[in-house]
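Here's the structure, in C-alpha cells; my notes come after.
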Amino acid sequence: MLEEVLRQLFIKSFKTLYGQEPPVQQVNFQKTRPEFEGDMTIVVFPFGKLAGRNPEQLANEMGAEMIKESDMIAKFNVVKGFLNLLISDKFWMDFFKENHENREFGRKPVSGKNVVIEYSSPNTNKPLHLGHIRNNLLGWSVSEIMKANGKKVVRVNLVNDRGIHICKSMLAWLKWGDGCTPESTGKKGDHLIGDFYVLFDKKFKEEVKSLLPANYDTLDEKAKEEAKAKAEAESTLMQEAREMLVKWEANDPEVRHLWETMNQWVYDGFDVTYKRMGVSFEKIYYESQTYLLGKALVQEGLEKGVLYRRDDNSVWCDLRDEGLDEKLLLRRDGTSVYMTQDLGTAQLRVKEYDPEKLIYVVGNEQIYHFDVLKRVLVRLGREWGNDIEHLSYGMVELPNGKMKSREGTVVDADDLMDEMVATAKAVSDELGKAKDLSPEEADKLYHTIGLGALKYFILKVDPKKTMLFNPEESIDFNGNTGPFVQYTHARICSVLRKAEEQGIKLESEVKVNDLQPKEKEIIVMMYGWPMVLNQAAENRSPAMIANFIFDLAKEFNQFYQECSILKEPDADRRMFRLQVCDMVAALLRNASELLGIGMPNRM
RNA sequence: GGCCUGGUAGCUCAGCUGGAUAGAGCAACAGCCUUCUAAGCUGUGGGUCUUGGGUUCGAAUCCCAACCGGGUCACCA
C-alpha cells in the first residue's frame with residue numbers, strides 16, 4: 001500500500017521532471033537502513049540514463065519534487081544513488097488509529113475454491129517420531145496461514161493402514177504377545193505395536209542368520225548378498241507374514257479382526273499424540289479403503305492406450321519422452337503399488353472437494369514420486385494433475401547424523417514432548433514463575449511453554465532446508481525461541497492488568513499525533529504484517545511468521561526497556577502506549593496462532 | 001554415473017525476485033533489577049558469505065565450472 005502509493009508518486013514526479021516514463025518494475029523500495037534517516041529508500045541508479053542525470057543529482061531532484069507533491073513525505077536525504085524518504089508521523093498514526101483494535105489485523109476473509117492439504121500420513125506399525133513432528137507442525141501451520149490469507153482449506157490425513165509392515169507387527173504379537181493389550185501393559189497402543197514391529201525384525205534377523213551357510217564370512221561381497229537373499233527367502237517368519245497379507249487381501253475374518261483390533265490401538269495412541277501436538281484433520285482417508293480406486297484409473301489408462309502391459313502382466317507408464325523413466329503401476333500379480341494408490345486417492349479428493357489445489361506435505365525424498373504422479377495423472381486425461389503441489393520439506397538430522405530406527409536413534413514424539421514440558425516446569429519452578437498458579441493452571445502453562453518451544457524451534461527453519469535438531473539447544477528458552485515471544489506477551493498482559501487495577505480503561509480514541517523513535521519502530525513493524533502474512537502463505541513458509549513474531553517481540557522489549565508506560569506522566573501518551581501494548585499483544589496472539597503456539601497471559 | 005538440492009560467525013539459522021559498512025540467537029566476555037515480570041535490556045570480540053571465473057554502476061544474491069555434503073533414480077512407502 002505505502003509502496004504502491006510511493007511508486008505512483010515516483011513515476012508521476014519522474015514524468016513531470018523528465019518527461020519520461022520509468023519502467024514500473026524497476027521502481028523498487030526497501031526499508032531504509034537504520035544508520036540513515038528515513039523509512040523507505042528508492043534506489044535511483046537504474047534511472048540515471050533515462051533522466052540524463054547522475055544518480056545523486058537525480059535523487060535530489062526527485063526528492064524535492066516528491067516532497068512537493070505529497071504531504072506523506074516529511075523529509076528526504078540522498079546518499080549516493082539512494083533516496084531516503086522519511087514518512088510523516090501522520091501516515092503511521094492514521095494506520096495505527098485505524099487498526100489498533102482490529103483483532104484480525106492482516107487476515108483476509110475466506111473465499112474461493114477448496115485447497116486440500118494432506119499431511120501427517122503415518123504408518124500404523126510404529127509411533128510418531130521427530131520427522132513426523134516436523135511434518136505435522138508444517139502441515140498444520142501452512143493450513144492456518146493459508147486460511148488467514150483467504151483460502152478455504154481442508155486438512156486431510158492418509159493413514160497407511162495396510163501392507164506387509166502391519167502384518168509383521170500382527171504376527172509378532174500372535175507369536176510372542178501373550179494376548180497383551182494397551183490396558184494390560186499400560187502402554188500407548190502405537191508404542192505397543194511399534195515394539196512388536198521391532199521384535200519381528202529382531203527375530204527375523206536371528207532366523208536369517210541361522211540360515212546363512214557356515215562359510216558365509218569367507219564369501220566375497222556378491223556371494224554374501226546372494227546367500228543373504230536366499231536365507232531371507234527361506235525365512236518362515238517372512239513367509240508367514242506374506243501369507244497373512246494374502247489372507248488380509250482375501251478378507252479372512254480372523255486376520256481382519258486382529259488387524260482392526262490392533263489398528264484401533266494405534267489410532268487411540270495417535271489421537272493422544274495429535275491432540276497434544278494440537279493438530280487435527282477434517283477428513284481421514286485410509287489406504288485400506290482407497291487402494292482399489294487407483295486400479296480403475298489404471299484400467300482406463302490401458303483402454304485409452306496411454307499405459308501398457310508387459311508380457312509378465314505388469315502395467316507401466318512410459319515417461320521417457322518427458323525425460324523420466326518408465327513407472328510401474330501394477331505388479332505382475334495385479335496388486336497395486338504406492339503410486340497406484342496415490343492416483344486413486346487424488347481422484348477421490350478431486351471428486352469430494354473440487355479443489356483448486358492439492359497440497360501434499362511430504363519429505364523431499366519423494367520429490368520424484370510426486371513429479372511422476374502429476375505426469376501420470378495428466379496422461380490419464382486428468383488435467384488437474386497440474387494442481388498437485390508437493391510441499392517438500394527437508395530431513396531432521398541429529399547431531400550424530402540421520403535418525404535410524406534400526407539403530408535406535410529415533411527421537412520419539414511422545415518422549416520429546418514429555419521432555420519439553422518437563423523442562424518448562426523445571427525452568428518455571430527455578431525462576432519462581434508459577435507459584436501463584438493453581439496446579440491445573442501451572443500444568444497448562446508448562447504444556448504451553450514446552451510445546452511452544454518445540455514448535456518454534458522446528459517452524460523457524462525454512463521448510464525446504466534440512467535442519468539439525470540438537471536436543472540441548474532446542475530446550476533453550478532464551479533468545480530466538482518460542483518462550484521468548486511468550487514471555488513478551490505475558491509481560492504486556494501484566495502491564496495491561498496493572499493498568500486495569502489502577503482504574504485505567506483502554507480507550508478507542510488515540511489522542512497523540514507525534515511518535516517517539518521506539519513507538520514508531522513498533523508501529524512500522526506492525527504495518528508490515530499483512531505483507532509478511534501474504535508472503536508466508538505464498539511461500540508456504542511458517543518460518544517467515546516465526547521471524548516476524550521474534551522481531552516484533554524483540555522490538556517491544558526494547559520499547560519496554562526505554563519507555564515507561566504506566567509511569568508516563570502525560571495521560572494521552574500513557575494511553576497511547578497502552579494502546580500500542582494492546583495491539584502488539586493481539587498481533588503476537590494472532591500471528592503465533594498460525595504456528596499453533598499459545599501465548600500465556602502470565603509466566 | 002544421471003537428475004534434484006544445499007555450502008553465510010565456533011554452533012543453530014536469517015538475508016537470496018541484485019543495492020549502502022552481510023544480520024539475529026546460542027556460546028565467551030563486560031555492564032543493567034529499592035522503578036511496568038532480568039525467560040529481559042545494553043555493550044565487546046568473532047566473517048576471504050566453500051573456491052575460481054563471468055554478467056554490471058553494484059553480486060552472499062544471477063550465470064558457468066570445480067570442490068564438499070544430502071536426497072533420489074525399487075514389482076518399498
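What you see is a predicted model, and the numbers here were worked out from it, not measured in a lab. Just so we're on the same page: letters track the sequence lines, and every chain starts at 1.
- In A:Arg497, the CZ atom is crowded: over 12 heavy atoms of neighbouring residues, nucleotides or ligands sit closer than 6.0 Å.
- Among the atoms of the strands shown, base atoms are found under 4.0 Å from some heavy atom of A:Val43.
- Using a 4.0 Å cutoff on non-hydrogen atoms, the parts of residues 28-36 of chain A near RNA chain B are A:Gln30, A:Arg33, A:Phe36, ordered by number.
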Where protein sits on nucleotides 68-77 of chain B, one letter per nucleotide: B base, S sugar-phosphate only, - none, heavy atoms under 4.0 Å: ---SS--BSB
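- Here the P atom of nucleotide B:G23 and the CZ atom of A:Phe550 are 16 Å apart, to the nearest Å.
- If you take atom C1' in B:U55 and the same atom in B:G23, they sit 27 Å apart, rounded to whole Å.
- Between the A:Ser141 side chain and the A:Leu594 main chain, a donor and an acceptor come within less than 3.5 Å of each other.
- Judged by a 6.0 Å distance limit and a 45° cone about the ring axis, A:Arg134 is not positioned over the six-membered ring of A:Tyr393.
- Ring-plane geometry between A:Phe457 and A:Phe469 is classed as perpendicular, the angle between the planes exceeding 60 degrees on a 0 to 90 degree scale with a lower cut at 30.
- Remark: A:Asp312 pairs with A:Ser314 by the side chain to side chain donor-acceptor pair (under 3.5 Å) rule, at least two apart or across chains.
- In this entry the distance linking CG of A:Leu552 with P of B:A24 reads 17 Å, nearest Å.
- Between the C1' atoms of B:G10 and B:C62, the separation comes to 31 Å (whole Å).
- Straight-line distance from the CG atom of A:Leu83 to the P atom of B:A20: 16 Å, rounded to whole Å.
- Here B:G18 presents its C1' atom at 15 Å from CD of A:Gln25, a figure rounded to the nearest Å.
- Annotation: side chain of A:Leu343 is in contact with side chain of A:Leu377 (closest heavy-atom distance under 4.5 Å).
- In this structure B:C33 sits in the syn conformation; its chi angle is within 90° of 0.
- Of the options A:Phe29, A:Phe76, A:Phe47, a ring pair (Phe, Tyr, Trp, His ring centres under 6.0 Å) to A:Phe10 is made by A:Phe47 and by none of the others.
- Rounded to whole Å, atom C1' of B:A20 lies 16 Å from atom CE of A:Met40.
- Between A:Glu521 and A:Lys518 a salt bridge is recorded (basic side-chain N to carboxylate O distance below 4.0 Å).
- For the residue pair A:Ser169 / A:Asn125, no side-chain donor-acceptor distance below 3.5 Å is found, with atom types taken as modelled.
- A salt bridge is absent between A:Glu501 and A:Lys498; no separation between the charged side-chain nitrogens and carboxylate oxygens falls under 4.0 Å.
- Straight-line distance between the C1' atoms of B:G69 and B:A74: roughly 25 Å, to the nearest whole Å.
- For A:Phe559 and A:Phe556, the ring centers sit closer than 6.0 Å to each other.
- Across all strands, A:Pro46 comes closer than 4.0 Å to base atoms (heavy-atom distances).
- In this structure, a donor-acceptor pair under 3.5 Å is present between the side chains of A:Ser120 and A:Asn136.
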Nucleotides 28-40 of chain B: protein proximity per nucleotide (B base, S sugar-phosphate only, - neither; heavy atom, under 4.0 Å): -------SBBSBB
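- When the P atom is compared between B:G40 and B:C26, the two are found 7 Å apart, to the nearest whole Å.
- To the nearest whole angstrom, the two C1' atoms, one in B:U8 and one in B:C13, are 10 Å apart.
- Atom-to-atom, CG of A:Asn539 to P of B:U17 comes out at 11 Å; the value is rounded to the nearest Å.
- B:G19 has no base stacking with the ring of A:Phe82 when judged by centroids under 5.5 angstrom apart and an interplanar angle below 30°.
- Proximity of A:Leu50 to A:Pro23: side-chain heavy atoms (C-beta onward) are separated by under 4.5 Å at one or more points.
- Cation-pi geometry between A:Arg162 and A:Trp259 is not satisfied (NZ or CZ under 6.0 Å from the ring centre, within 45° of the ring normal).
- If you take atom C1' in B:C68 and the same atom in B:A24, they sit 27 Å apart, rounded to whole Å.
- Enclosure of atom CG in A:Asp321 by more than 12 non-hydrogen atoms of other residues, nucleotides or ligands within 6.0 angstrom is indicated.
- There is a side-chain donor-acceptor pair under 3.5 Å between A:Asp429 and A:Tyr446.
- Rounded to whole angstrom, the span from the CG atom of A:Asp462 across to the P atom of B:C16 amounts to 11 Å.
- Residue-level contact check: A:Asn84 touches the bases, meaning some heavy atom is under 4.0 Å from a base atom.
- Where RNA chain B pairs in unbroken runs of 3 or more (Watson-Crick or G-U, both distances under 3.5 Å), the stems are B:1-7 with B:67-73, B:10-13 with B:23-26, B:28-32 with B:40-44, B:50-54 with B:62-66.
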Under 4.0 Å protein heavy-atom contacts per nucleotide of nucleotides 4-10 of chain B, with B for base, S for backbone only and - for none: ---S---
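- Look at the P atom in both B:C16 and B:G7: the space between them is 13 Å, to the nearest Å.
- Annotation: B:C29 and B:U21 have their C1' atoms spaced 25 Å apart (nearest Å).
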Pair A:Glu326-A:Tyr308, side chain to side chain donor-acceptor pair (under 3.5 Å): steps then yes or no: CA-CA 11 Å; A:Glu326 293 170 286; A:Tyr308 63 97; 2.2 Å; yes
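- For the pair A:Arg33 and A:Phe82, the NZ or CZ position fails the cation-pi test of under 6.0 Å to the six-membered ring centre and within 45 degrees of the ring normal.
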